[in-house]
S.K.: 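Dropping the structure in here first, questions after.
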Amino acid sequence: MKYAREADYENHRAKKVLLIIVLVVLFSVAIGIGVYGLFFMPNQTPTTPTPTPLPKPTATVTPAPSVPTSPTNPEGFTRWAASALFDWDTATMNPSEVTDKLMAVADPTGEGGGAGLANDIGNYLPYQATWVKLRGYATKQRIEIETVVIPEAWEQAKAEAAPGQILPGTVAYTITGTRFREGVWEKESASYVGSVEFTIFVTCAPSFPECHLMRLSRPDEPLK
């Protein structure tokens, strides 16, 4: 595209830069509990902000698979959970859908995660009011997973845990990946790419016949 004046070009460039800033900044997160307190502290009751009504999506919702593709394989289940957490489109989804999908595979006894897990998930999602703003920019996000490893700190945590404190079959996986965000403003597209690192805690056999999501670390504060 050619511009008649240099000022027009600078104005166009400034608008695109501003959109990228919006994609980065408009992702408010709550402050959750620390990684090392996930299993060694009582569950915390999440603080719920005053909800802002969301407009209905303007397109048909096409959600990611609602059930894990590898429900009995710890690593496969973890990869599914990571994608369910990060892959969303504000035009076709609401944040509650992301939360509901993950809570559906939480500890069925209600003791392993419960309110703590719901709070963990909220740390990764924009607040409802922010979601409304992002929908105005047609914002969507996805993750490309690069590594899934059991951190050394998890082995130490298990060794230091009291008998019965951690359910058999519980494992922690630290995930590294790349997060892609895209949006549109005044018919101009913009994108933001950034690295992410976090830990997912799951419990599988022998405690449960299928894997269940227990807790999440705070964003970019994984076990190493």
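Not measured: the values here are computed from a predicted model.
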S.K.: Strictly distance-based, threshold 3.5 Å: is any side-chain N or O of S207 a donor or acceptor partner for the main-chain N or O of L167?
M.R.: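 Such a contact is absent between S207 side chain and L167 backbone.
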S.K.: For residues D220 and S195, report the shortest heavy-atom separation together with the two atoms involved.
M.R.: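 Heavy-atom minimum between the residues: OD1-O, 4.2 Å.
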S.K.: Can you name the nearest heavy-atom pair linking I143 to A82, along with the distance?
M.R.: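 Scanning both residues, the minimum pair turns out to be CG2-O, 4.1 Å.
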S.K.: For K224 and E197: C-alpha separation, side-chain torsions, deciding distance, then whether salt bridge (Lys or Arg N to Asp or Glu O under 4.0 Å) applies.
M.R.: CA-CA 10 Å; K224 296 290 188 177; E197 191 173 12; 2.9 Å; yes
S.K.: Output yes when a side-chain donor or acceptor of S217 lies under 3.5 Å from a complementary backbone atom of T199, and no otherwise.
M.R.: yes
S.K.: Return the CD to CG distance between E221 and N123, rounded to the nearest 0.5 Å.
M.R.: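 It comes to 9.5 Å.
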S.K.: Compute whether any side-chain donor of one residue and acceptor of the other, for E146 and T178, lie under 3.5 angstrom apart.
M.R.: yes
S.K.: Please tell me whether V149 and V196 are part of a single hydrophobic cluster in this structure, the criterion being side-chain heavy atoms less than 4.5 Å apart.
M.R.: no
S.K.: Give the minimum heavy-atom separation between I145 and S83, together with the two atoms involved.
M.R.: CD1-OG, 4.2 Å
S.K.: Could you check whether any side-chain N or O of D89 sits under 3.5 Å from a backbone N or O of A91, counting only pairs where one atom can act as donor and the other as acceptor?
M.R.: yes
S.K.: Do the side-chain N and O atoms of R79 and N73 include a donor-acceptor pair separated by under 3.5 angstrom?
M.R.: no
S.K.: So, do R181 and S191 sit near enough that their side-chain heavy atoms are less than 4.5 Å apart?
M.R.: no
S.K.: W88 vs W131 aromatic rings, parallel, tilted or perpendicular, using cut-offs 30° and 60°?
M.R.: tilted
S.K.: Without swapping roles, check the side chain of T139 against the backbone of L134 for a donor-acceptor pair under 3.5 Å.
M.R.: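 Yes: the side chain of T139 pairs with the backbone of L134.
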S.K.: One pair to check against side chain to side chain contact (heavy atoms under 4.5 Å, CB included): I175 and I200. What are the steps and the verdict?
M.R.: CA-CA 8 Å; I175 296 174; I200 292 179; 3.8 Å; yes
S.K.: Classify the ring geometry of H212 against F208: parallel below 30°, tilted from 30° to 60°, perpendicular beyond 60°.
M.R.: perpendicular
S.K.: Below 4.5 Å, heavy atoms only, C-beta onward: do V202 and C204 meet side chain to side chain?
M.R.: yes
S.K.: Just so I know, are the side chains of V67 and W80 near enough to count as touching, which here means a heavy-atom distance under 4.5 Å?
M.R.: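 Result no, sub-4.5 Å side-chain heavy-atom pair not found.
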S.K.: Distance check, rounded to the nearest 0.5 Å: L223 atom CG versus E152 atom CD?
M.R.: 11.5 Å
S.K.: Check D107, D120, N119 against R215 for a side-chain hydrogen bond (donor to acceptor under 3.5 Å, both in side chains) and give me the one that passes.
M.R.: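 The side-chain hydrogen bond (donor to acceptor under 3.5 Å, both in side chains) with R215 is passed solely by D120 among D107, D120, N119.
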S.K.: Heavy atoms only: give me the nearest L85-L125 pair and the separation to one decimal.
M.R.: O-CD2, 4.2 Å
S.K.: Taking a hydrophobic cluster as the set of Ile, Leu, Val, Met, Phe, Trp and Tyr residues connected by side-chain heavy atoms closer than 4.5 Å, whether directly or through intermediates, do M103 and V105 fall within one such cluster?
M.R.: yes
S.K.: Do we see a donor-acceptor contact under 3.5 Å between the side chains of E160 and Q156?
M.R.: yes
S.K.: Hey, what do you get for CD1 (I121) to CG (L102), rounding to the nearest 0.5 Å?
M.R.: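 Reported value, rounded in 0.5 Å steps: 4.5 Å.
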S.K.: Going hydrophobic residue to hydrophobic residue with side-chain gaps under 4.5 angstrom, can you get from F180 over to V184?
M.R.: no
S.K.: Tell me, with the steps shown, if F198 and F86 meet ring pair (Phe, Tyr, Trp, His ring centres under 6.0 Å).
M.R.: CA-CA 12 Å; F198 56 101; F86 276 87; 5.1 Å; yes
S.K.: Is there a donor-acceptor pair under 3.5 Å between the side chain of R142 and the backbone N or O of D87?
M.R.: no
S.K.: Which heavy-atom pair separates P68 from P71 by the least distance, and what is that distance?
M.R.: O-CD, 3.7 Å
S.K.: Might you point out which heavy atoms bring A161 and I166 nearest each other, and give the distance in Å?
M.R.: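 Looking at all heavy atoms of both residues, the closest pair is CB-CD1, 3.8 Å.
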S.K.: Are any side-chain N or O atoms of E97 and backbone N or O atoms of N94, one a donor and one an acceptor, separated by less than 3.5 Å?
M.R.: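 Side chain of E97 to backbone of N94: a pair is present.
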S.K.: Set out, in order, the CA-CA distance, both residues' side-chain angles and the distance that settles ring pair (Phe, Tyr, Trp, His ring centres under 6.0 Å) for F201 and W154, then state yes or no.
M.R.: CA-CA 10 Å; F201 300 83; W154 176 243; 5.5 Å; yes
S.K.: Take atom CD in E155; do more than 12 heavy atoms of anything else shown fall under 6.0 Å from it?
M.R.: yes
S.K.: Under the side chain to side chain contact (heavy atoms under 4.5 Å, CB included) criterion, do V193 and R179 qualify, and how do the steps go?
M.R.: CA-CA 6 Å; V193 179; R179 173 174 50 195; over 6 Å; no
